[in-house]
Amino acid sequence: MLDHLGTLERTHTSGALRAADAGQEVTLLGWVNRRRDHGNLIFLDLRDRYGITQIVLDKDLCPEGHAKAEHVRPEYVVAVRGTVRLRGVGSTNPNMATGEIEIVARELLVLNDAKLAPFSPAEDAIANEEVRLKYRYIDLRRAEMQRNFLVRHKVALAVRENLAAQGFLEVETPFMTRSTPEGARDYLVPSRVHAGEFYALPQSPQLFKQILMISGFDRYFQIARCFRDEDLRADRQPEFTQIDLEMAYPQQETIFRVVEGFLSAAFRAVGIELPTPFPQITYDESMRRFGIDKPDLRLPGLTDVKEAFTAEQLGTLAITADLPVIALRIPNVGELSRKDRDENKPLFDGRKGAVKYIDDLKRLEKGFPEAAAQVRALVGGEAQDLVVIVAGDATKPAEGSETKSEGRLSEREIQVYSAAGAFRVELARKYADRHGAFAETDRVVAAAAAGMTQTLDGGTSATHLASGTAFQPIWVTDFPMFEQDAETGRWLPSHHPFTSPHEADMDRLTSDPASVRAQYYDLAMNGLELGSGSIRIHRQDVQAKIFEALGMSAEEAKERFGFFLEALEYGTPPHGGIALGLDRIVMILAGAGSLREVIAFPKTAKAIDLMVDAPTPVAPNQLRDLHIRTVLKG
RNA sequence: GGGGACGUAGCUCAGUUGGUUAGAGCGCUGCCCUGUCACGGCAGAGGUCGCGGGUUCGAGCCCCGUCGUCCCCGCCA
């Protein structure tokens with residue numbers, strides 16, 4: 001028998017009451033987290049998103065409520081009217097924010113019962129993801145998930161407030177727009193009115209935000225949903241949210257300051273101080289020092305140790321002499337066991353280019369004691385650090401172009417640096433327990449979370465933790481303007497075709513495309529790409545040149561981007577912008593290993609929503625309206 | 001498209017070389033209990049070993065296929 005709510009209203013949340021409230025008459029509503037039945041005395045833990053409060057039902061004081069409580073089960077929704085009472089000496093619970101008090105029930109209303117849940121939100125052990133995703137509403141009741149979404153809310157709010165304070169105006173752009181063939185695959189929306197034609201969901205509001213600059217909206221931002229029909233990863237969902245912004249007349253540094261402003265505000269909102277300005281590194285330098293364009297600065301970078309070897313030694317070791325010899329160091333790994341070595345082998349990705357690694361300085365010491373000692377000296381660190389050498393493999397044929405543009409890395413050099421960089425990431429992940437650099441991030445995240453549990457009502461966190469080495473943002477600048485397609489030899493834009501080249505490199509657009517630097521920048525943090533942006537092309541003649549360099553005819557360009565090229569001709573101010581992944585920022589701040597932990601209703605690796613069971617076939621008449629016939633393989 | 005891991009009770013997992021009736025913890029059900037808070041005690045229920053096929057006297061275990069979840073490569077301007 002369920003009770004009606006009647007005119008009852010909640011006076012306090014389950015996280016609000018403290019010792020100072022003793023004696024108050026209160027009404028609490030929430031879920032039954034746990035029930036402890038002592039016969040004539042029953043304890044209920046009442047849970048809502050603000051916390052947990054213990055309710056006492058005493059048969060002598062409230063026989064009716066006590067009788068109901070005997071039949072109450074986990075996840076029932078109940079209302080309690082009663083008195084806040086200080087718990088007796090020895091029965092307080094220091095692990096609970098409300099542990100000094102309890103509610104002595106005068107009346108218990110059972111507002112709704114609940115089937116036995118497939119897993120309990122009260123449990124520490126979490127169910128497998130398939131079950132969690134199917135019963136997402138149960139999963140989201142868990143304190144950890146509630147906290148993740150509080151973090152997300154605070155971050156989004158802080159970003160909006162900060163950008164508004166910096167003079168940015170939020171403008172919405174369409175979800176139903178035009179398909180552009182390059183880039184990611186589009187999610188398409190068939191048109192009923194126009195047979196055989198389709199809208200596309202935006203991969204990003206890129207062209208709209210540039211047009212907003214042409215429209216005079218100086219400083220635009222949007223917390224925008226984006227859609228990309230590509231295969232998923234832990235940090236990639238088919239729909240995701242970007243903090244998207246664009247501004248007129250910016251220098252690159254102007255945009256960096258804007259981002260540093262809202263990102264540090266976002267971190268501050270969850271109690272973490274992020275020092276500004278962020279460090280910067282060029283793409284080439286990032287490749288040299290980290291072998292990747294999204295460096296994780298929590299661990300030491302790469303060192304070129306070629307000078308430790310004589311030409312003869314390189315020959316004996318079958319190391320390609322004209323390529324860098326890279327040492328990478330992972331602190332405090334200690335001796336490698338046979339098992340370690342076997343496991344490490346597949347972690348090295350030597351597929352691209354003739355590259356190999358030497359994981360044992362000891363072996364090197366035997367044959368080449370001076371060289372090994374010099375390598376040690378060059379990479380620094382301690383004796384128990386793991387030092388691995390990655391170099392060109394002289395026994396394999398070289399792959400990739402030899403051409404080296406002035407001041408840039410050659411393709412073969414990049415192969416060595418990339419192999420070393422990727423290996424560094426893999427080894428860092430594998431030996432995380434030993435080097436301890438990632439644990440610092442976890443510690444700060446946990447401390448911030450603990451600070452927030454005290455203020456789950458959404459109030460400002462009292463804690464202000466120094467980020468220290470836990471969060472390491474870095475700007476990566478001067479990306480190459482073009483990448484050469486390995487198969488066709490065609491030059492492709494490494495960002496998008498509206499990115500402006502450096503003014504100084506403009507005259508080499510066709511003579512030496514590989515040497516052209518783009519005014520394109522990424523923001524990386526802890527080995528994760530948080531976002532990327534660029535100064536855009538604002539002149540139609542420059543835009544035409546870029547299309548030409550990309551081997552795109554004027555007709556083709558007009559066909560694809562005609563509306564935009566036309567817009568460029570009506571007084572376009574110099575402009576630029578950036579987009580940061582909101583989900584990824586929250587993922588870092590929540591200490592989550594996957595975007596699914598910070599997206600309320602995410603999709604599986606096969607892009608399925610297990611809760612609503614989407615996608616599904618649709619009724620034949622729906623397809624008929626849309627002029628669509630489906631043809632299934634097999 | 002490719003590689004890898006996993007799939008056994010509601011949940012988390014164990015299950016030896018292929019061998020009797022497939023186990024544990026938590027949860028659940030019933031009874032008992034007035035200071036618990038991961039309450040405790042007693043008793044009990046609960047299994048298409050993902051699915052299909054094969055090998056075998058005999059399959060949770062071996063083989064083939066398939067489905068699902070996760071991670072990675074490709075892909076993601």
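Just so it is clear, the values below take in all heavy atoms, side chains as well, and ignore hydrogens, waters and symmetry mates. Labels below follow one simple rule: chain letters A, B, ... track the order of the sequence lines, proteins then strands, and each chain is numbered from 1.
The closest donor-acceptor contact from the side chain of A:Q543 to the backbone of A:H538 lies at 3.5 Å or more, if one exists at all. Side-chain atoms of A:R87 do not come within 3.5 Å of backbone N or O of A:E100 as any donor-acceptor pair. Listed for the A:R236 side chain is a donor-acceptor partner under 3.5 Å among the backbone atoms of A:D231. With hydrogens and angles ignored, the 3.5 Å screen pairs a side-chain donor or acceptor of A:R584 with a backbone N or O of A:D235.
In this structure, the CD atom of A:E130 is 10 Å from the C1' atom of B:C67, given to the nearest Å. Protein atom CD1 of A:I42 is 14 Å distant from nucleotide atom P of B:C39, rounded to whole Å. Distance CZ (A:R35) to P (B:C32): 12 Å, rounded to an integer number of Å. Atom CG in A:L133 sits roughly 16 Å away from atom C1' in B:C11 (whole-Å rounding).
Judged by Watson-Crick or G-U wobble contacts below 3.5 Å, the nucleotide B:C75 has no partner. Across all strands shown, B:U66 forms a Watson-Crick or G-U wobble pair with B:G50, both key distances being under 3.5 Å. Here B:A38 sits opposite no nucleotide as a Watson-Crick or G-U wobble pair (both hydrogen-bonding atom distances under 3.5 Å). Base-pair partner of B:C26: B:G10 (Watson-Crick or G-U wobble, both distances under 3.5 Å).
Counting only N and O atoms by type, the side chains of A:D244 and A:Y220 include a donor and acceptor under 3.5 Å apart.
Nucleotides B:G23 and B:C61 have their C1' atoms positioned 15 Å apart, rounded to a whole Å. For the C1' atoms, the distance from B:C13 to B:G47 is 15 Å, rounded to whole Å. With both ends at atom P, the span from B:A14 to B:G50 equals 13 Å, rounded to whole Å. A distance of about 23 Å separates the C1' atoms of B:A43 and B:U36, rounded to the whole Å. If you take atom P in B:U34 and the same atom in B:G44, they sit 24 Å apart, rounded to whole Å. If you take atom P in B:A22 and the same atom in B:U16, they sit 15 Å apart, rounded to whole Å.
Backbone-only engagement by A:S494 is indicated by non-hydrogen atom pairs under 4.0 Å involving sugar-phosphate atoms exclusively. Among the protein residues, A:K59 comes within range of no part of the nucleic acid, since none of its heavy atoms lies under 4.0 Å from any strand. Residue-level contact check: A:N40 touches the bases, meaning some heavy atom is under 4.0 Å from a base atom.
When the side chain to side chain donor-acceptor pair (under 3.5 Å) test is applied to A:N344, the partners found at least two apart in sequence or on another chain are A:K430, A:Y431. Under the side-chain contact (heavy atoms from CB on, under 4.5 Å) criterion, A:T13 pairs with A:R10, A:A16, A:D48, A:Y50, not counting sequence neighbours. Scored by the side-chain contact (heavy atoms from CB on, under 4.5 Å) test, A:P501 finds A:M481, A:M506, A:L509, A:V516, A:I537, A:I546 as partners (sequence neighbours excluded). A search for salt bridge (Lys or Arg N to Asp or Glu O under 4.0 Å) contacts involving A:R178 returns nothing, not counting sequence neighbours.
Mapping A:L41 and A:R236 onto RNA chain B via the closest heavy atom, the residue that lands nearer the 5' end is A:L41.
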Detail all sub-3.5 Å separations between protein N/O atoms and N/O atoms belonging to nucleotides 25-29 of chain B.
from: B:U29; atom 1: OP1; to: A:R73; atom 2: NE; distance (Å): 2.8

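The phosphate of B:C37 has neither OP1 nor OP2 within less than 4.0 Å of any side-chain N or O from A:N93. Within the structure, a side-chain polar atom (N or O) of A:R596 is placed less than 4.0 Å from OP1 or OP2 of B:C71.
A:F423 has its ring centre less than 6.0 Å from the ring centre of A:Y357.
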Problem - Heavy-atom protein contacts under 4.0 Å, nucleotides 3-8 of chain B, coded B base, S sugar-phosphate only, - none - result: ------

